[in-house]
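It should be emphasised that the depicted structure is a prediction, and the values quoted were computed from it without experimental measurement.
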Amino acid sequence: MKKFLSVFLSAVLIIGTFTAFSDSFTETALAADYAATLKSKGFPESYIKALTELHKKYPNWIFEPLKTGIKWSSAVKGERSSHSKQLIEKSSYYDESMYCSCSSCYKNGKYVIQEGSNWVSASEKAVAYYMDPRNWLDEKNIFQFESTSYDGTQTTAGVEAILDGTWMHNSLISYKTTSGASKQYDTKTKYSDAIMTAANDSGMSAYYLASKIRQENGGTTASATAVKGTVSPFQGMYNYYNIGAYTGAMDGLAWAAGFLKTNSTATLYSEYDKATATAKGAKTTLSSGQYLTWMGNYGSYYRVRLYYEGNGYTEGKNGYILKSNCRTTYIGNTSTGWGRPWTNPYKSIYYGAKYIAQNYKDQNSGYLQKFNVNPNSDYLYSHEYMANVSAAVSESQTTYAAYKKANILSVTKKFVIPVFNNMPNDTVPDISVNKISGLKATGCDSVSVTIEWDKVSGADGYNVQVYRGGKWTDYSTVTANSLRITGLGSLCIYKFRVRAFINNAGIKSYGSYSSEITKATRGKITGFKGTGANNSVTLTWDKNKKATGYRIYKYSPSKGYVLYKEIKSGSTTSITISNLKGNTNYKFKMYGFRDYGGSRYTTFSTSEITVKTKNNAVTLNSAKSNATKKITVKWSKLPVSCSGYQVMWSTTSNFSKNFLTVNVSNKSASKTLTTAQSNKYYYVKVRAYKTSGSKKTYYSWSKTIKVKVK
């Protein structure tokens, strides 16, 4: 029996070993077969290993070579034919070798700023690094080569998954009109529906369009310049793909508005008469070439908003102008109009997709839209969507994250990967860097916010960015895992994010950005003071432009400071507190607040102020002269207990000289006075008093009445 068992176990071991060997052999054979397939398609040996690994993990992915027939060195030189075409952000996280130092790009000891405040020309090394497809053949960066062509397997659910985490996810299209009114596109069309329709009609990939929109303008709210619809002077204009945003989103809005302008000297009218279908009212003469933003059609007139270009875009008057006086070359659904002006999100999404499809038909991947090396294109090395040398990589990582979250990474996808002649053997190896976690704000004051995050093992440093002015900007590169960010505005709301990097051979490799956090600076309320009156106190303060409202606190001897009132208007700068005791000290404090995104951010509390109320003043009703050298004075009795009233009259308005006084019983409310002179002006006032022993306590004076004595 033991012998039989031993033989049996040996047989099982042999079979198991053979099965494992067989599986390994089969896997190796399949990999070899696929490698041969890639070679037969025209992929060089240096592409094979990475693509084989991707195929092993994602067998439905299809890889096709784009045989450019271009020598590698010629391609890099062609992309740098104008150094201003390839830009890189000037930041401490890049090695100096990544910036072009030729005589045109480096002058007087400084790199020439080509765009914005910190974008310079990329060096040959930087361009070659980002152009070399072999540096990006991993699952995060491969999507820059994904075909942008429409695929019938793409679904609305897939688009919704890409939009998840943005305000567009599973949402009906809503927006602001050119007049600022809130509007819904219709009762059934969602953003995903618009993207699917745009994809089907344009021939563009629905997933590419969704990823492009998310990359350019995605967020938890529609707060980006190109999609919020409230940015002056382009209120009611939208550009979801940021087409034409050459130096920023405002350029893109000008593009989306269609560059409407006067074609000759014209008249702008302030009103429109529907009955006569003519414009009227105040007239403004416009010179030829005046830019206009379309606001509406009114018969043979446009309603428009003037704007001026210069150091940015400045808004002018609104009014009505004859259509015949306007250049409409880039307006309407024409070969140059593309459905402009894009006055709602649907038009922007739909016609923007058609524009991209038509103008980038030979650049059917994110890579080719950045580096146009398609030999079939009429615009070799030009007609590129963006100048940022790392844009295709950045968008690829956004697409990867969206696909992963949507759980659609494994579905069929086609990647068209450029292949060049005479490519170098060596590439910069990819280094994987972990994403930052645990980012939080640990403190703030009027001008700064302190943040910290979890350390990343092996990281050489961290890149910190702040979102302000409608865009993410680098703030600092640090080695510690905390930072106090200074130079911020008072009671202003900011977003922060951080990514780790590893320095490799002079080139820094970055992990993904952390989840962003939102925090506001505290700020202060200035000019807080109070003035006492009869049984009341008036508090005033300086307006805080960022405040949504204010909270006023009144001191109670038994409870301490208690909220008296919350003011829900940032423009309010005063409040009167009534029904207080006269001749009494009261203490107050206050702070401002700003409501944003469901959270409330507050200023620091003001210092305590003490304000004393006044005693009650008598209401002086009249002072008249009905007889020679006589003045009859009448007043209303004080509503509180008093011993009597004191009447004063004088020939001087400030009662500094030539004055007399007389005391009157508290039972009276009138008195006839005798003056020393006739036919002369006298001034009269009254106050109450209360007697306690030999001491008199006086209440406040009434108003003064001027009367001419007979």
Side-chain angles (χ1 to χ4, degrees), residues 527-542 552 554 564-565 567 572-588 609-710:
F528 184 47
K529 58 186 178 180
T531 304
N534 293 325
N535 302 101
S536 68
V537 166
T538 298
L539 304 176
T540 60
W541 57 89
D542 297 333
I552 310 297
K554 177 173 170 287
Y564 173 76
K565 187 172 184 179
I567 300 170
T572 299
T573 56
S574 67
I575 183 176
T576 297
I577 302 173
S578 305
N579 300 319
L580 303 176
K581 293 181 180 180
N583 198 34
T584 304
N585 286 326
Y586 289 90
K587 297 178 181 179
F588 302 93
I609 62 170
T610 300
V611 188
K612 187 175 183 179
T613 56
K614 294 182 179 180
N615 285 319
N616 286 284
V618 174
T619 300
L620 180 56
N621 297 322
S622 64
K624 298 180 180 179
S625 179
N626 297 318
T628 303
K629 295 185 179 181
K630 299 292 182 182
I631 302 174
T632 299
V633 183
K634 295 182 180 181
W635 61 89
S636 297
K637 287 186 177 182
L638 210 61
V640 297
S641 175
C642 69
S643 302
Y645 301 93
Q646 183 184 59
V647 184
M648 179 179 283
W649 66 104
S650 173
T651 57
T652 58
S653 60
N654 61 1
F655 298 87
S656 61
K657 60 182 180 178
N658 299 332
F659 64 85
L660 293 171
T661 63
V662 62
N663 291 337
V664 181
S665 167
N666 64 357
K667 296 180 181 180
S668 298
S670 66
K671 179 67 177 177
T672 299
L673 311 174
T674 301
T675 64
Q677 303 179 59
S678 61
N679 198 31
K680 187 173 181 64
Y681 282 104
Y682 277 81
Y683 299 87
V684 182
K685 61 182 180 180
V686 183
R687 67 178 175 179
Y689 66 86
K690 194 169 187 177
T691 303
S692 177
S694 60
K695 182 180 179 182
K696 280 187 173 67
T697 300
Y698 289 96
Y699 292 85
S700 299
W701 283 108
S702 70
K703 68 179 181 179
T704 298
I705 293 182
K706 180 181 178 183
V707 58
K708 189 172 184 179
V709 179
K710 290 186 176 181

Worksheet item: Does NZ or CZ of K554 come closer than 6.0 Å to the centre of the six-membered ring of Y564, within 45° of the ring's axis?
Response: no
Worksheet item: If every non-hydrogen atom of K685 is compared with every non-hydrogen atom of K703, which pair is closest and at what distance?
Response: CB-O, 3.8 Å
Item to complete: Calculate, to the nearest 0.5 Å, the distance between atoms OG1 and CG belonging to T697 and N583 respectively.
Response: 8.5 Å
Worksheet item: Judged by atom type as modelled, is there a donor-acceptor pair below 3.5 Å linking the side chain of S702 to the main-chain atoms of V686?
Response: yes
Item to complete: Specify the closest pair of heavy atoms between S574 and T540, including all atoms of both residues, with the distance to one decimal.
Response: CB-CG2, 3.8 Å
Fill in: Backbone of K630 reached by a side-chain donor or acceptor of T674 within 3.5 Å
no
Worksheet item: Hey, mind stepping through N663 and K696 against side-chain contact (heavy atoms from CB on, under 4.5 Å) and telling me if it holds?
Response: CA-CA 12 Å; N663 291 337; K696 280 187 173 67; 4.1 Å; yes
Item to complete: Locate the shortest heavy-atom distance separating K629 from Q677; write the atom from each residue and the value.
Response: CG-O, 3.8 Å
Fill in: Non-hydrogen atoms of L539 and I609 that approach each other most closely
CD2-CD1, 4.0 Å
Worksheet item: Under the criterion side-chain contact (heavy atoms from CB on, under 4.5 Å), which of F659, F655, Y682 is the partner of W649?
Response: Y682
Discussion item. Holding to ring pair (Phe, Tyr, Trp, His ring centres under 6.0 Å), I want the full list of residues that pass it with Y645, two or more places apart in sequence or in another chain.
Written reply: W635
Worksheet entry | For the student: nearest non-hydrogen atoms of K634 and S670, plus distance | CG-CB, 3.9 Å
Worksheet item: Any chance NZ of K671 has more than 12 other-residue heavy atoms, nucleotides or ligands included, within less than 6.0 Å?
Response: no
